[in-house]
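One structure is given below, encoded as C-alpha cells.
Scope of the values below: all heavy atoms of this structure, side chains included, with no hydrogens, waters or symmetry mates.
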Amino acid sequence: MLEETAIVTRIADGQVWIKSLQSGACGGCMQQSSCGTATLSKWLPKREFAVESDRVLQVGDQVRVGIDDSHVLLSSIVLYLLPIVVMLLGVGLANSLLPAAFTDAWLPEMALSLLLATFWGIHKLQNVLLLYFCFRPQIVGKL
C-alpha cells in the first residue's frame, strides 16, 4: 500500500476532507523512482478532497492516507492499453468495412484520430475513472 501524510481540513456530511502534506519526494536518496511516497504524491491532488471514513477525527488531525498498490496497475492498463486497443479495433473494423480505395488513404488518419479521441476521452473522465474507481484513497491511521 502506498501511504502519505495528510491533514484533516474539514468534516462534513460523513466525509473527511483532507489535504496532502507531502509536496513531493524528499530528494534525500537515489530511490525516488521506486519510492512509494514519491509515487503517491504524484497521484494525490494538491487540493483538498473528500475521503469516506468511520474514524473519529477532528480538523487539524494528521492522518496516514493509503492507496492499494494493485490500483496503479489497473490505471496503467486504462491509460496505456485502452487507447491502443481502441485504435487497433477501429482500424480493423474500418479495414473490413470500407472499400479498398478508401482504406489506403484514410486508415492512417483514422488510426491517429481514434488514438487521440481515446486519450481525450480518458482525459475528460480521469477524475471519475482514477480518483473514484482506481485510486480510492482511504485513511489508514491517525498520527
Minimum heavy-atom separation for [X] and [Y], please, with both atom names.
X      : Y      : result
Met110 : Gly90  : SD-O, 4.4 Å
Gln62  : Thr5   : OE1-CG2, 4.0 Å
Ala105 : Glu109 : O-OE1, 2.6 Å

Find out whether [X] and [Y] are in side-chain contact, i.e. whether some heavy atom of one side chain is under 4.5 Å from a heavy atom of the other.
X      : Y     : answer
Ile139 : Val16 : yes
Thr118 : Met87 : no
Val65  : Ile18 : yes
Lys142 : Leu57 : yes

Same apolar cluster (I L V M F W Y, side chains within < 4.5 Å links), [X]/[Y]:
X      : Y      : answer
Phe119 : Leu88  : yes
Leu81  : Leu89  : yes
Leu98  : Leu114 : yes
Leu107 : Val86  : no
Leu82  : Leu115 : no

Donor-acceptor contact present, side-chain Asp61 to main-chain Gln58, <3.5 Å: yes

Heavy-atom donor-acceptor pair, Thr9 side chain to Trp17 backbone, under 3.5 Å: yes

Test log, rule side chain to side chain contact (heavy atoms under 4.5 Å, CB included), inputs Val140 and Glu3: CA-CA 8 Å; Val140 177; Glu3 295 182 358; 3.8 Å; yes

NE2 on His123 to CH2 on Trp120, rounded to 0.5 Å: 9.5 Å

Nearest-0.5 Å distance, CG of residue Asp54 to CD of residue Gln138: 10.5 Å

